[in-house]
Protein chains: 2
Amino acid sequence: MPTQPDAVDPRVARTRDAVVAAVRDLVRTAGIEAVTHQRVAEAAGVGRASVYRHWPDRTHLLLDALADLPADPSERPPSGDPVADVVAELTRLQRILNDSPFVPQLAALLSQAEADGEVLALQQRLLTQGTARLRAAVELGVRHGCFPAGVDPGTVVALVAGPLFYRRLLAKEPITDELVTTVVERLVVPGNGPVPAVGERAVPGG
Amino acid sequence: MPTQPDAVDPRVARTRDAVVAAVRDLVRTAGIEAVTHQRVAEAAGVGRASVYRHWPDRTHLLLDALADLPADPSERPPSGDPVADVVAELTRLQRILNDSPFVPQLAALLSQAEADGEVLALQQRLLTQGTARLRAAVELGVRHGCFPAGVDPGTVVALVAGPLFYRRLLAKEPITDELVTTVVERLVVPGNGPVPAVGERAVPGG
DNA sequence: TAGGTTGCGAGACGATTTGTCTCAGAGATG
DNA sequence: CATCTCTGAGACAAATCGTCTCGCAACCTA
């Protein structure tokens with residue numbers, strides 16, 4: 001009978017944190033292959049039985065470690081200007097994707113989702129919640145006429161977010177300001193809203 | 001001393017083909033995790049020792065199985081019209097990505113590439129050769145003024161190919177003609193070239 | 001067709017890994 | 001302080017890994 005619903009034995013929290021951190025580390029440095037109860041236990045400085053106790057199989061080990069999107073300290077409420085909000089969201093995505101530890105986790109997640117239903121569900125949930133604000137800004141922009149009408153918002157999201165993921169996941173290059181700028185420039189209906197500079201207007205023209 | 005440099009013992013070819021097919025099957029149906037010398041041997045109907053003989057480790061097993069991009073029967077030489085060529089390439093990419101067996105392989109490749117240098121090299125090579133014609137069309141289009149000037153061709157490639165990969169790899173939805181059309185519409189400099197309808201340009205009669 | 005070569009499947013083998021279990025002790029709770 | 005509960009250590013069987021050997025059949029060459 002727990003005195004408080006949220007009360008967690010500090011020992012449990014300790015092992016949990018150590019293990020999750022170790023799994024993330026392993027995914028980043030040695031690939032998803034390396035995630036094994038044994039190796040995780042060693043890396044976390046934790047008994048092997050303790051790992052089995054809390055995570056009966058690899059999937060749950062990965063689920064817990066990949067479940068959190070990296071927190072973004074610079075989150076701001078939507079400004080109401082669709083273009084500015086899309087730029088803000090893309091810049092946020094740029095920062096997250098350029099942050100190196102995240103990419104191997106993402107790749108592992110995608111790969112694992114292809115074969116594991118539970119991981120697939122997690123991946124879809126993360127994608128939905130990660131692109132929620134981008135989608136909101138896009139829908140607003142379509143209504144305001146800043147973005148082309150008659151196009152499925154989901155298509156627009158793919159249109160603007162896709163290039164960033166491509167750069168980082170496929171081409172394995174950092175996402176430049178130029179890419180973000182170009183993506184938005186290409187999207188905005190001409191004459192229907194200036195494209196604000198990303199940071200300091202990265203590329204002045206040529 | 002082989003009489004001919006290309007002469008391959010039929011027995012070797014037989015096991016090789018069976019094993020490569022089995023690995024592809026395993027990646028598709030059970031995930032990259034399932035790719036084990038043992039399971040591959042069983043699935044291929046081949047002795048375990050034979051698998052070890054030709055593929056000393058998992059990496060080489062995966063390399064050989066993932067090395068080939070799916071052949072595209074409808075490859076046509078570039079028409080010289082940049083817009084038409086970009087559409088043709090994107091349609092080709094659309095077909096390849098919508099072909100389900102390929103996506104799990106791709107996801108596995110990306111994930112593995114994060115931790116394995118050899119796989120990374122292969123992935124980069126495949127990407128380069130897979131987007132070569134798209135890049136050529138893009139560069140031509142930039143020179144002709146159909147596409148915005150002053151933009152890095154690599155950026156443009158990310159711009160048009162990214163959304164397709166996003167749709168399939170992240171959103172896990174099939175790539176619609178609408179997406180392809182919108183991607184190209186958004187790219188072409190207004191008034192500098194009509195966007196051909198995707199449906200009409202795709203496989204004739206198909 | 002005959003003879004030497006070579007890859008094959010089968011399986012033995014020790015080492016390692018996996019998943020489960022027990023147990024004593026440290027740490028948390030009240 | 002007394003009572004739980006989680007932990008680390010390690011035992012244990014089962015499964016897997018990587019290597020090896022062997023006899024056989026398929027292959028190539030003459």
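- E33(A) has its CD atom 15 Å from the C1' atom of dC17(D), to the nearest Å.
- Note on R16(B): nothing from the nucleic acid sits closer than 4.0 angstrom, heavy atoms only.
- Of the charged side-chain nitrogens involved, none lies within less than 4.0 Å of a carboxylate oxygen, so that R14(A) and D9(A) do not count as a salt-bridged pair.
- Nucleic acid contact class of Q38(A) (heavy atoms, under 4.0 Å, all strands): base.
- Look at E42(A) and R39(A) and you find no salt bridge, because none of the NZ, NE, NH1 or NH2 atoms lies under 4.0 Å from a carboxylate O.
- If you check residues 41-62 of chain A against DNA chain C, the residues with a heavy atom closer than 4.0 Å are R48(A), A49(A), Y52(A), listed by number.
- Using a 4.0 Å cutoff on non-hydrogen atoms, no part of residues 23-32 of chain A comes near DNA chain C.
- Applying the 4.0 Å criterion to OP1 and OP2 of dG7(C), one finds that T15(B) has every side-chain N and O outside that range.
- Not counting sequence neighbours, the partners of Y52(B) by the ring pair (Phe, Tyr, Trp, His ring centres under 6.0 Å) test are H37(B).
- Between the NE2 atom of H37(B) and the P atom of dC8(C) there is a distance of 14 Å, given to the nearest Å.
- The CG-C1' distance, from D9(A) to dA28(C), rounds to 6 Å in whole Å.
- Atom P of nucleotide dG7(C) and atom CZ of R14(B) are separated by 13 Å, given to the nearest angstrom.
- Here the side chains of D177(B) and Q94(B) are in contact, with some heavy-atom distance below 4.5 Å.
- Using a cut-off of 4.0 Å between Lys/Arg side-chain N and Asp/Glu carboxylate O, R167(A) and D152(B) are scored as salt-bridged.
- With respect to the salt-bridge test (charged N to carboxylate O, under 4.0 angstrom), the residues K172(B) and E114(A) qualify.
- The CZ-P distance, from R11(A) to dG25(C), rounds to 16 Å in whole Å.
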